[in-house]
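Down below is the structure, laid out as structure tokens.
One-based numbering, in listed order, for ligands and for the atoms of each.
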Amino acid sequence: MKITLVGATSDITEQKRNVLALHESEQRFRQMAEAVGDVFWLSLPKSQTILYVSPTFEQIWGRKCDDLYANPKLWMDAIFPEDLPHVTECMESLSVGKHYVVEYRIRRPDGSIRWINERAYATRSDDGQIVFTSGVDSDVTEQKKMQQSLYESEVRFRTLYESSSDALVLLDDSGFIDCNRAALRIFGCAKREEFLNKSPSFFSPPIQPDGGDSAILIKHWHQRTLKSGPQRFDWQLRRLDGTEFEAEILLNRIELQGKWVIQSTLRDITERKAMLSALAQAKQQAEQNSRAKSLFLANMSHEIRTPMNAIIGLNNSLRKENITPQQVEKLEKIGNASEHLLSIINDILDLSKIEADQLKLENTRLDLYALINSIPIMLGESARIKGLTLHLDFAGVPRWLRGDPTRLRQALLNYAGNAIKFTQHGGITLRARVLEDDDDAPLIRFEVIDTGIGITTEECSRIFQAFEQADGSTTRKYGGTGLGLAITQRLARLMKGDAGVESTPGIGSTFWFTARLNLAEASELEPPKSPVTVDAEAELRAKHRGNLVLLVEDDEINREVATELLSDIGLLVETAEDGLQALEVVKAKVYDAILMDMQMPRMDGLESTRAIRNLPDRQSVPIIAMTANAFDEDRRACIEAGMDDFISKPVDPNLLFAVLLKCLNREQKTDRENCL
Ligand code: ADP
């Protein structure tokens, strides 16, 4: 169908030219109409006659143009019933010359829906009559979808924004320009108007807790945010009712309509702060408890060892007197019982210390070969008495390591001691192997293999617990407390290893433990410490008879025991009852050596030693701790205070003689390390 052109003229040439021109213009119009994606239409006013519709109609409406020309109702029929009344209204207004823009939905024959944006115009003739109406229909379905998804995402973001428990606010130079509900709640505002347009200073006390001026600081934080991006800090804020609270603030800059604004997230940290302070208090309390525990353990050790020293010392001294063989036997039994009691006390103190998390391992250079070799030196005699062989096998393990030699030896001695105790025939092998060859901290496995009574699988899982023995009769037959294995396992775990056993009853057992030890550089300058000189007593008698020793000790019986022990070998002994008295006599007299107790009234051994070391000409007098405080840290404290060596109570006379000999042999105190 073609546009109906209405017109009249008498001049045929003119008429022809006009027709031609019109034809050309119509052609151009058609080309244009067909080139764009919109639908152009032209119709007669007040009638349903469609004069022209561009072919795009077919794509958008999904119907043939010719069908529309034949049945213009198709147009209106496609429109959604809900949208139709408004469209009809618009079309009616067009028939009286009112342009309109309307948006409506159509359903296409395939059921799909399209959004149409329609703009329609009325064209009037010179006399004002409306000659025809025309319009442009654009398919805006995609735009609508986008708008919808934009709307949905805006709703989502708004929901997020509003559901945040942190206050989220936007602000520019004029103050707060937006906020979520949490902000209103946190600042105690009932309505948005109470919050918006106010400045951050309004909601801050004039001075911050650290004394800073709030207004100046706010400016500073804002400038930093705008210049460098996100900033986080704690800040004192004030609610609308004037009450204050502490918040963590995160500032961020964001671009909003071409201009930088600040987005701030505020979190009330009053509760967090309260929790942190409660935690700090709990930690302090725990530390206090732990200090109290270690003090208790140190005191226990002191209180138990002091009388033990008296018992063992007096027993030793009685044995030297002129007594009957029966008395010798009884005293020997007292001696054995005391030694046994002492070993139990040591075990209990060790275990309590480990359980209280108070045992700190040393990390010193150790010679593993010397350490393993020392085991048969210490236990060889008891193995020999039972006719057992003792075999060492440690090929391939590194010699120089760093760790805690005392604890390592303790673990090995416990296993080896048990092996001898529970084996009647055959032999014991002490073996060491590298289990994991880590670069600088190999995991070493130590095994003590015996051919003894063995234990059942059920017993294996129990015996590493404290106070557990394989069966009830063990105590009666072999003695012991059931603490040794528990201590060994805990020591192994402290050394980043573990402990266990494989055993066959009647055949024998392999007790093992592992320990991670750091490799150390070999040093021939530090030879392994030689075992205690056996004939120290004789050498002391021969070389140091008449030397003057000061014994500082507050316990009367222990003073008596030690004085007798030292006088017996020809030393001259003077005594002081506490650290202060010791200091006074040392000022006045030159002693060859000082034996110093640690825990004493008025002035303890550490303080006294420090004071003595500060005296002129007393830097080199040998001071040996002789104390019932026997833990490693006590030893360290003594050395740090300036003492030369350390002997724990109950005093082993041979050890005391050996240490004294070493210190007295030294002409001049040039190298204190020699004496350690
Ligand atoms: P104690 O030996 O003082 O009783 P331990 O913890 O050292 O304490 O040992 C616990 C128990 O494990 C022992 O009583 C014994 O029953 C068993 N046991 C330990 N070593 C061996 C061993 N080499 N052979 C057989 N049984 C052993």
Tell me the contacting part of [X] for ligand 1: side chain, backbone, both, or neither, using a 4.0 Å heavy-atom threshold, strictly below.
X: Asp450; answer: side chain
X: Leu483; answer: backbone
X: Phe464; answer: neither

Atoms in ligand 1 flagged as close to [X], the criterion being non-hydrogen separation under 4.0 Å:
X: Ile455; value: 26 (N)
X: Asn414; value: 7 (O)
X: Ile463; value: 11 (C), 12 (O)
X: Ser509; value: 24 (N)

Exercise for the section: Answer yes or no: does an N/O atom from Gly484 fall short of 3.5 Å to an N/O atom of ligand 1? Expected result: yes

Problem - Any N or O of Leu485 closer than 3.5 Å to N or O of ligand 1 - result: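 Checking ligand 1 against Leu485, an N or O pair does fall under 3.5 Å apart.
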
Under a 3.5 Å threshold, yes or no: a donor from one side chain and an acceptor from the other, between [X] and [Y]?
X: Thr324; Y: Gln327; answer: yes
X: Glu332; Y: Asn315; answer: no
X: Gln599; Y: Asn299; answer: yes
X: Gln465; Y: Arg462; answer: no

Exercise for the section: List in chain and number order the residues that pass side-chain contact (heavy atoms from CB on, under 4.5 Å) with Ala562, two or more places apart in sequence or in another chain; answer none if no residue qualifies. Expected result: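 Scan of Ala562 (side-chain contact (heavy atoms from CB on, under 4.5 Å), adjacent residues dropped) gives Leu551, Met626.
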
Handout entry: Gap between atom CD1 of Ile624 and atom CG of Leu595 - 0.5 Å precision
Key =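 These two atoms lie 5.0 Å from each other.
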
Problem - salt bridge (charged side-chain N to carboxylate O under 4.0 Å, His left out): pairs with one or both residues in residues 295-317, sequence neighbours excluded - result: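 As it turns out, there is no salt bridge (charged side-chain N to carboxylate O under 4.0 Å, His left out) pair with a partner in residues 295-317 once direct neighbours are skipped.
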
Completion exercise
Filtering Gln465, Glu459, Arg462, Lys421 for the heavy atom nearest atom 2 (O) of ligand 1 leaves Lys421

Practice task
Please confirm whether Gly452 comes under 4.0 Å of ligand 1, counting heavy atoms of the residue only.
Solution key: no

Problem - ring-ring contact (aromatic ring centres under 6.0 Å, His included) evaluation trace for Phe513 with Tyr415 - result: CA-CA 9 Å; Phe513 73 90; Tyr415 275 178; 5.7 Å; yes

